[in-house]
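Please read all numbers here as calculations on a predicted model, not as lab measurements. Throughout, a chain's letter reflects where its sequence line sits, starting with A, and its residues are numbered from 1.
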Amino acid sequence: MKKVSILMLIAVLGVSLLTAFTPATPAEAPPEQVKQTLVFSSRLFSPPQEQEYFINEIIKPFEEEHGVIVNFQIIDDQTLLDRAAVQQSTNHVTTDIVVAHNSRMAEWIEAGWVEDMTEVVAGWTDRTFSTAFEGQTHMDGSQYFLPVGADVYLLLANNKALDYLPAGAELDTITWEQYAEWGAAVAAGEGEGKVCITGIPAKSWIYMFGGTGLSYGAGFPDVNSEGAMEAWKVWETIGKAGGFVPTVLNIDSCVDPMMREESWLTVFHNARAGQVYASNETAFTLAPAPTGPVGTGSIAGVSGYAIMKGSANYDLALQFLEYLTRPDIQVKIAKGTGGFIPPVEEALEFLGNEAIDEVINKAVLVLENGVVSGVPAGDYQDWGAVKQCYDDIFEDTILAGADVTQARLDEGQTCVEDLLKTE
Amino acid sequence: MIKKKPTSLAKIIKSTIFYLFVTTLGVGILLPAFFLVSLSFLSTREAYQFPLPLLPALSAKYSLTFGDRGYLLSVYDDFDDEYQTVLDTAELEKMSVYMRSQIGAPYDIPDIEDRIAELESGTDPVYFKARKNLLLNYDLFFKVTRDAVPALIRSLQIAGMTIVISLSIGGMAGYAFARYVFIGRDALKFSVLFVRMFPGVAIALPMVIILANMGFYDQPIGLSLVYSVGSIALTVWITASIFMGIPESLEEAAQVFGATKFQAFLKITFPLALPGLAAAAMYAFLGAWNETVSAIILTQFNPTFAVVVYQTLLGAVGHVNLAAAGGLAMAIPSVIFTFFIRRYINQMWGGVTV
Amino acid sequence: MATLTMQDVTKQFGRKVIAVKEFNLEVQDQEFLVLLGPSGCGKTTAMRMVAGLEEVTNGRILIGDRDVTDLPPRNRNVSMIFQNYAVWPHMTVFDNIGFALKLKKMPKDEIEKTVKEVAGMTNIDMLLERYPSQLSGGQQQRVAVARAIAVYPEIFLMDEPLSNLDAKLRVSMRTELKAIHDKTEATTVFVTHDQSEAMSMADRIVIMKDGEVIQVGSPDDVYHRSASIFVADFIGTPPTNFLEVDVKSENGDYRLVNPHVDFKPESHISESLRDYDKKNLILGIRPENIVLTNQKDAVLSAECLVSEPQGSHQVVAIQLDQQYIKVIASAQPKINPGETVHLAFKQDTLRLFDPETTLAIGD
Amino acid sequence: MAVAIGNKSFRNVWSKAIPYLLILPVVVYYALFWVRPVLKTVFESFRDTAGQFTLQNYAMVFSDPDFIPAVRNTAIIVVFSVTLEFLAALFLAILINRKFVGSSFFLFVAMVPMALPAVAVGAMWLTGLTAHGWLNSLLFYLGVSKKIYWLAGSEWALLAIIIIIDAWQVIPSVMIILLAGLQNIPVEAEEAGYVFGGNFITVLRKITIPMLQSTIQTAVILRLISAIQIWLIMVLLMGFNRLPVLVERIVYYHEEVPGLDISFQMASGYTIIVSVIVSIAALLYLKVSGAFGGNQEARQ
């Protein structure tokens, strides 16, 4: 045994020393004799099946057509920024294309780490990027990001909850008051709250509430306007009835609780709602988000492609982006990856009547007919901190079952406004 | 012939109780890990059931009948003892994919067509069975995790280099600590503690930037250098302890008999210290093997295994069974390493104490 | 073979501790020299400086005519037997013995020949393929000896090589080591704290205390002509008996007086007593030099406290005030506790010591 | 008494230098990769956004509403987890040191938790502690049908859970240090205790533990230092802010809200405060446990 372990150790160390100074690919210049490699780092398409789909159905045809390799990596937004910071500050730019969320685009643009693509995009006449997201993808009239995979919020219910649906409520036209009533009824009937929101701080409660606020004519972010107050009242009803799942503060995505049937009701991100729905179509029902006096409000998010400044493969990167944003490819991506909405107007024409289209259709419905807002993250020092302001109100007022007071909301509003950038 | 005293009943009972106790303890320790292992073999559907199955099922029982949109697929649920509908579709490919990825019991399209033919011919519902693919999650994990094998090799290599760097640099200091009296010896002892007192998370990024500036970006050796920062300090202590356990006179004897100090170390002390050093390597190994934060930032074309696992699992929301499989795939090398190293621990912590 | 010379060798540890102080010594060619002293007296440090394992703070060390003071151990052509043997546990007996030869790049067949030869000398030729963990303490000891012989050194250093052996083995190994010394004719420095070991093996003994040499001489010298109270007390079992006495002059004669004794010593001492008139001295007398006698000739009479039979003789202890006096008497007749014994001193063996300097007077 | 120092040859100087040469690589290594960022952090903690010297960063940290809870939670975790882990680890170490048949395998079993990577540990507890997770499933199979909302309890319940599951992973590393110490105690010492009439408990208290003292100090001090820096498991299970602890605050400002004007100041302020607290705690422990001077007597 002793000999074996020593031999093992020596073998491992020996091999590592031998190979220590001959990295597989030199960092500085990818060798010319092998295929050109495009590094594509994305926050989007992270679920494993989506990764598999994206690699095989989207990337592979491009690789074959151009005789190149696309190195596809999934990395979250913050790490993507950290990595970019290292690459830019040390002049080792090896990432070519990044996909960032719209709440983080401002950071990229302000840091000057992404290329201005205004003129190039002007030459692509077969596609029109939907204008809903210009506030984030553009700055001072220049376009830095090409939108991909837009999302809105949808209502997802476990069919077991349908028994408690308030009289007169129709799923496709349900109002927020009815939704609140519904959540309360489920709690009363089951003896346990079943409404899911993401309770872990700095996740997506702000968007869930933001949609409600928009339905009542509030802005975004807007904590204490009259409309916002009414929106808070909706959630107050659920809170007072003990309608939230008991573990709500540990939930960082409603996917798992919905699949485990710990929760039965939620209004959340259409792609994730689609994922749960797909796991058991006959057990779940999908509907547009509830409506309010001014319509169906929803926060719309989007991700965007950008080319890293200093990329050695700028031309190839551009070709790849041109390919990815073609309307037919956008639809293909949207269908294969859980119901994101293609943010290219022409793409909607390619939608069919299949099951996945139901998710996309409902989402499009919200996007087209609803009261939609983007995420003005760039106006704030740190968007995560803004989220926290909302989380605090949820935790100390709504979840605690207390009355929502104007004073508390004003405090929340101050919390948000204090985070505005000071120029 | 030596007669043995018959073992008394009390003794047997006593040792039985003892072993029962030890076994219970062992099971208790491994219980969370057991569920992790079990989870990694469950299908997605099983993994989200309540109560969670203790062991994966070996097959799935399906039933097929007519539905609103096409055909209604149901799956037998052991716990509720009934068939539960899962899918209503006219698309056979979708059904097949569903059976493969959600239930984990694949059924080919031609076979489904046969079952549908049965259904159309009047048998309603049609019952059939499919074998579970227990390795589904591992399959998927390695399919999705691109370059898993090169990354695995690279990770081993980086861990190996970390061991070499921290054991050689730390070991030299440990040797000095064990064999010499010098000014600053006590300072060295406590500075080892101090290095650990400063929260490492606070300086991870600046440290990485220093290395990137030195030209170690995307090179395995660069990561080894980062990881060594964490492990050298402890290695100094552990190796000092090991060297203290080897009598100095062995080395002196070699010197008297014609060896230089260096030869004496190489031929006498080093071979004797090797098992202990191997054990000391455990800390360096575990640290290097499991780290992701620096690795993600510092690698591009040459990711470590931890990085590719991270990339795969980042999106494993709604897929805990896959996360379990990935986590376990990562754990296996360290567990094996622990198994080999465990008998040398007493050499590691014998000598130096505060 | 060579002489060993140490000139004013001093070893200082840190700022305060002086382990060896201005040590001067000449070891003759082929001599068997024993460094003897209680633990902590600096004898091992002195030897380790000869080996080169300890740096010399000041002074010179010469082997033959070579100044080796600053040479590393490997260039001194010495060999050493360590107290704990320091047999390398990861090498076979053969490799242990052949280690030095291999380093000297001796041809393989010669190494084998030498190893076999010394293994034969030390009776371990059957054990060459074994590892030290498979050997008994005595066998490991022999490996250490064989290893030391194999290099045919100029100086043979032995650091308490027998202290880890059991009593019986220790005595037989003494004889063997001495025999090996005679055979190899290597100049040998042997460190021990066991005076009987020293007496039985040494050509000359160096007695050390607190880093300084107290006395150098043949076993006979240090035993019979101990230079100080320390030596007289340290050497011999049971040790020398000491009596405090006053010197009184009476008609030109000097008498040694205390509450128990009052006698006129033999002339060879009385000469030296002249300088100590009316002063206090310490009288030293070895147990075997006190003889049982009749009442008339007795210098000292007292009750026997204990008698320890030793077979060939008996040790009789009597108590004077707070002090015990031990006497070696012939085995017969048996003396019983409580019996009054009458004692006389062999006058020519008396030693007198100055209580202030603790040194012997009259030499 | 001073002794004249003779002429130093080259070899003397060389051999004096050896230990310093041996520790040189460590010193250089840390100077290069560790001291620079650390000094920078220390430096930054005294600068405002304009680069001027200020103590305001510290004032900001001290007036942070999460500071007191963070200190309190950290203190609670440290006190209880170090105690619990030490006792459990000592128990395991003594058990394994009895060298029963299979004790070597049991040692391996007991060491498994320390080999698991964070991603596995996260998956394990997240699926365990959720309402429909394996812990409740296990209770269900055992006949307890009432669901326990493990992570939905009071702060105290959460702290207790954190302490327990952190202990699960950390006990092995404390245990192996203690076990090594136990194995280095001569058997005779304990046997003598039994011969002179001690039972298991008295021998443990009067002989084993005192002889293990310096090993215990090593194990506890290393554990103490890392217990104060606990954060990952808490963030894995319940995100930031829910149960603030000191290092979690650093990570929060570093990674969760790095964009705030005050993020860097807060992070560096917290970092320095944490290292000061760790240092004080470590020194205090060493002082109380008698590592300074106390065990010198014990050695003689």
Side-chain angles (χ1 to χ4, degrees), chain A residues 1-2 4-6 8-9 12-17 19-21 23-25 27 30 37 39 43 45-52 55 71-76 79 82-83 85-87 89-90 92 94-95 252-253 255-256 258-262 272 275-276 278-283 354-355, chain B residues 44-45 48-50 67 69 72 84-89 91 94 98 101-102 140-141 143-144 146 150 154 156-161 163-164 205 208-209 212-213 217-221 224 274-275 278 281 296-298 300-303 311-312 314-320 322 340-341 343-344:
Chain A
M1 199 61 113
K2 186 170 160 185
V4 171
S5 59
I6 291 174
M8 254 178 45
L9 187 76
V12 170
L13 300 189
V15 169
S16 60
L17 277 185
T19 50
F21 298 95
T25 319
T37 302
V39 177
R43 64 170 298 278
F45 318 122
S46 60
Q49 270 128 352
E50 291 187 15
Q51 288 187 39
E52 200 183 355
I55 290 167
N71 183 330
F72 175 59
Q73 300 169 330
I74 297 296
I75 301 176
D76 67 285
T79 311
D82 283 345
R83 197 189 251 198
V86 171
Q87 294 189 4
S89 70
T90 60
H92 285 284
T94 48
T95 304
D252 77 338
S253 158
V255 172
D256 279 358
M258 286 300 286
M259 284 177 69
R260 285 199 185 98
E261 303 196 332
E262 283 173 31
R272 298 288 88 87
Q275 188 190 343
V276 178
S279 79
N280 198 340
E281 287 180 9
T282 57
E354 296 164 34
Chain B
T44 306
R45 185 175 163 79
Y48 284 94
Q49 267 167 354
F50 182 81
R69 286 188 202 166
L72 196 60
Q84 291 179 340
T85 61
V86 288
L87 199 63
D88 183 5
T89 182
E91 280 179 58
K94 182 174 170 182
Y98 184 87
S101 61
Q102 298 283 342
L140 180 63
F141 176 77
K143 210 183 281 171
V144 175
R146 303 235 293 184
R154 202 174 296 122
L156 284 174
Q157 177 192 335
I158 289 172
M161 279 189 290
I163 291 172
V164 171
L205 197 60
V208 163
I209 289 180
N213 272 325
Y217 178 72
D218 203 24
Q219 305 221 25
I221 182 83
S224 302
L274 210 54
I296 284 175
I297 301 173
L298 204 57
Q300 179 79 74
F301 300 104
N302 301 310
Q311 286 173 347
T312 304
L314 192 63
V317 179
H319 226 137
V320 284
L322 182 74
F340 280 109
I341 257 31
R343 53 187 65 217
Y344 305 116

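Residue contact with chain B, scored on non-hydrogen atoms closer than 4.5 Å, involves the side chain of A/Ile55 exclusively. A/Glu261 does not touch chain B: none of its heavy atoms, backbone or side chain, sits under 4.5 Å away. Using a 4.5 Å cut-off between heavy atoms, A/Gln87 contacts chain B through its side chain alone, with no backbone atom that close. When heavy atoms are compared at a cutoff of 4.5 Å, B/Phe141 does not approach chain A at all. The contact between B/Leu322 and chain A is made entirely by side chain atoms (from C-beta outward), counting heavy-atom distances below 4.5 Å. With a 4.5 Å cut-off on non-hydrogen atoms, A/Ala278 touches chain B through its backbone but not through its side chain. For B/Leu140, the part lying under 4.5 angstrom from a heavy atom of chain A is the side chain only. With a threshold of 4.5 angstrom between heavy atoms, A/Phe72 approaches chain B through its backbone and through its side chain. Contact annotation for B/Gln49: neither backbone nor side-chain heavy atoms come within less than 4.5 Å of a heavy atom of chain A. Contacts between A/Thr95 and chain B at a heavy-atom distance below 4.5 Å involve backbone atoms as well as side-chain atoms.
Judged by distance alone, the side chain of A/Thr282 and the main-chain N or O of B/Thr85 form a donor-acceptor pair under 3.5 Å. Panel note: side chain A/Gln275, backbone B/Val317; a donor-acceptor pair is recorded below 3.5 Å. Counting only distance, with no hydrogens or angles, the side chain of A/Arg260 and the backbone of B/Phe50 share no donor-acceptor pair below 3.5 Å.
Nearest approach of A/Thr90 to B/Ala212, heavy atoms of both residues: CG2-CB, 3.5 Å. The two residues A/Met259 and B/Thr44 have their closest heavy-atom pair at CE-CG2, 3.7 Å. Shortest non-hydrogen contact noted between A/Asp256 and B/His319 is OD1-N, 4.2 Å.
To the nearest 0.5 Å, atom NE2 of residue A/His92 and atom CG of residue B/Asp218 are 9.5 Å apart. We find the CZ-CG distance between B/Arg45 and A/Asn280 to be 5.5 Å, quoted to the nearest 0.5 Å.
Among A/Arg272, A/Glu50, A/Arg43, A/Gln73, the residue with the largest count of heavy-atom pairs under 4.5 Å with chain B is A/Gln73. Among the candidates A/Thr79, A/Asn71, A/Asp76, the residue making the largest number of heavy-atom pairs closer than 4.5 Å to chain B is A/Asp76. With respect to chain A, the highest number of heavy-atom pairs below 4.5 Å among B/Ile296, B/Asp88, B/Asn213 belongs to B/Ile296.
Judged purely by distance below 3.5 Å, without hydrogens or angles, the side chains of A/Thr94 and B/Tyr217 pair a donor atom with an acceptor atom.
When side chains are defined from C-beta on, A/Ser89 counts as touching B/Ile209, because their heavy atoms get closer than 4.5 Å. At least one side-chain heavy atom of A/Val86 sits under 4.5 Å from a side-chain heavy atom of B/Val208.
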